[in-house]
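In what follows, residues are counted from 1 in the order of the sequence shown. Order of appearance sets the numbers: ligands from 1, and atoms from 1 within every ligand.
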Amino acid sequence: MIADLHTHSTASDGQYSPGELARLAKARGLEAWALTDHDSLGGLDEAVREGEALGLRVIRGIELSADDYLNLHILGYAFPADSPSLQRTASGLQQGRDHRKYRIQAFLQEQGVDIPLEEVEAEAKGGSIGRPHFAQVMLRHGYVKTRKEAFDRYLDIPAFQAIEKGTKPSAEACIRAIKAAGGKVSLAHPYQIVLGNDCLEDLVRRLKDCGLDAVECYYTKHTPQQQAEYLALAERYDLHVTGGSDFHGEKNKPDCPLAAVELDLDWLISG
Ligand code: AMP
Ligand code: ZN
Ligand code: FE
Ligand code: FE
């Protein structure tokens with residue numbers, strides 16, 4: 001099927017509402033579309049309602065932030081609307097984000113970046129607060145010239161990683177919550193995981209033992225070499241392949257338009 005299995009709405013740090021995303025997905029010619037907001041199930045009912053009205057196959061999704069490494073994100077798919085284990089995990093991560101915004105503000109202050117939290121909250125428009133909202137306000141106040149600079153200099157550096165450590169569930173707990181809900185699990189954007197001296201293959205082997213089903217091999221920012229490496233890894237460990245854009249809207253992430261990836265989704269969509 002022609003699909004994009006990695007997108008974000010206003011329920012986390014995306015620009016468009018789930019309904020607007022459904023219309024964009026339809027216009028992009030997709031057959032299957034998954035909404036995968038960060039640590040949030042909040043946009044899914046609207047996504048399913050609006051997407052199915054347009055004839056799209058809508059797959060419920062979520063992108064959970066795991067503690068093991070910075071940017072280790074676990075994608076959950078095709079779980080039922082009522083998934084208490086997943087709801088608990090998402091709520092825990094949302095509570096974590098409520099505390100995290102103060103830690104991020106204090107961290108930035110230590111670095112000489114003083115921005116009002118109210119503006120960051122306003123950027124999130126009621127959705128969950130993430131680093132891109134901080135980056136936007138840092139840009140507005142002239143601390144950085146681009147959002148990317150905010151990440152490169154402040155929000156994606158080892159010192160930032162240190163303030164995150166121990167605040168999120170482990171990858172294993174994320175996978176178990178998705179599996180307990182009856183969902184399927186893919187490892188998001190492998191290139192982005194800050195592995196330090198550790199090796200991706202060891203991580204994949206460990207996560208496979210916890211129930212990992214797939215690897216997100218197709219991703220906007222993967223180079224052809226990375227894509228080939230991840231496809232080989234998926235093959236070696238008998239894992240399925242997923243793919244998506246990580247679309248957040250042109251304003252939030254101009255370099256990641258909606259993707260149209262050809263995927264075998266029989267394993268994900270049964271019945
Ligand atoms: P958070 O959920 O607060 O950890 O933020 C995750 C968001 O930050 C995702 O949308 C990522 O695409 C974005 N992000 C992570 N690292 C970078 C980076 N180096 N440059 C730009 N955006 C990034
Ligand atoms: Zn995001
Ligand atoms: Fe991610
Ligand atoms: Fe994402």
Of all N/O/S atoms in Glu63, the name of the one nearest the Fe ion (ligand 4)
OE1

Tell me yes or no: between the side chains of Glu216 and Tyr230, is some donor less than 3.5 Å from an acceptor?
no

Please check this pair: side chain of Ser12 against backbone of Asp37, looking for a donor-acceptor N/O pair closer than 3.5 Å.
no

Taking only non-hydrogen atoms of Pro132 and a 4.0 Å limit, the atoms of ligand 1 in range are 5 (O), 7 (C), 8 (O)

Geometric N/O contact His248 with ligand 1, under 3.5 angstrom
yes

Would His141 and Glu119 count as having a side-chain donor-acceptor pair, cut-off 3.5 Å?
yes

Measure the acute angle between the ring planes of His8 and His248, then classify it against the limits of 30° and 60° as parallel, tilted or perpendicular.
parallel

Report yes if some N/O of Asp156 lies less than 3.5 Å from some N/O of ligand 1; otherwise report no.
yes

Confirm or rule out an N/O/S atom of His73, from backbone or side chain, lying less than 2.8 Å from the Fe ion (ligand 3).
yes

Can any side-chain N or O of Tyr154 pair as donor or acceptor with the backbone N or O of Val113 at less than 3.5 Å?
no

Atoms of ligand 1 less than 4.0 Å from Asp13 heavy atoms?
7 (C), 9 (C), 10 (O)

Is it the case that the side chains of Gln227 and His222 hold a donor-acceptor pair, with the cut-off being a distance below 3.5 Å and no angle test?
no

shortest atom 2 (O) of ligand 1-to-protein heavy-atom contact is with Arg97 NH2, 2.8 Å

Restricting to N/O/S, name the atom of His189 that gets closest to the Fe ion (ligand 3).
NE2

So if I count the atoms of ligand 1 from 1 in the order they appear, which ones are less than 4.0 Å from some heavy atom of Gly130?
3 (O)

Without swapping roles, check the side chain of Lys208 against the backbone of Leu203 for a donor-acceptor pair under 3.5 Å.
no

For the side chain of Lys26 and the backbone of Leu54, is there at least one donor-acceptor N/O pair under 3.5 Å apart?
yes

Do His73 and ligand 1 have an N or O pair less than 3.5 Å apart?
no

Is it the side chain, the backbone, both or neither of Leu155 that has a heavy atom closer than 4.0 Å to ligand 1?
neither

Quick check on the Fe ion (ligand 4): does His8 put an N/O/S atom closer than 2.8 Å to it?
yes

I'd like to check whether Arg131 has a polar contact with ligand 1, where a contact means an N/O of the residue lying under 3.5 Å from an N/O of the ligand.
yes

Does some non-hydrogen atom of Arg100 fall short of 4.0 Å from ligand 1?
yes

Looking only at distance, does Glu164 have an N or O less than 3.5 Å from an N or O of ligand 1?
no

Pairs of nitrogen or oxygen atoms closer than 3.5 Å, one from Ser65 and one from ligand 1: do any exist?
no

Look only at the side chain of Ser40 and the backbone of Ala90, and say whether a donor-acceptor pair between them is shorter than 3.5 Å.
no

Taking the side chain from Gln94 and the backbone from Asp39, do they hold a donor-acceptor pair closer than 3.5 Å?
yes

Looking at Gly96, is its backbone amide N or carbonyl O close enough to the side chain of His99 to form a donor-acceptor pair, meaning the two atoms are under 3.5 Å apart?
no

Which of these, His73, Lys253, Lys221, sits in a side-chain hydrogen bond (donor to acceptor under 3.5 Å, both in side chains) with Asp246?
Lys253

Metal site angle (apex the Fe ion (ligand 4)), NE2 from His6 and OD1 from Asp246, 10 degrees:
80°

Where ligand 1 meets Gln192 - atom numbers and elements under 4.0 angstrom, heavy-atom basis:
15 (C), 16 (N)

What about Lys253: any of its N or O atoms under 3.5 Å from an N or O on ligand 1?
yes

Report yes or no: does a heavy atom of Lys148 sit under 4.0 Å from some atom of ligand 1?
no

What part of Arg147, side chain, backbone, both or neither, has a heavy atom within less than 4.0 angstrom of ligand 1?
neither

Under 3.5 Å, is there a donor-acceptor pair between the Glu250 and Tyr16 side chains?
yes

Report the member of Phe151, Phe134, Phe160 with the shortest heavy-atom distance to atom 22 (N) of ligand 1.
Phe151

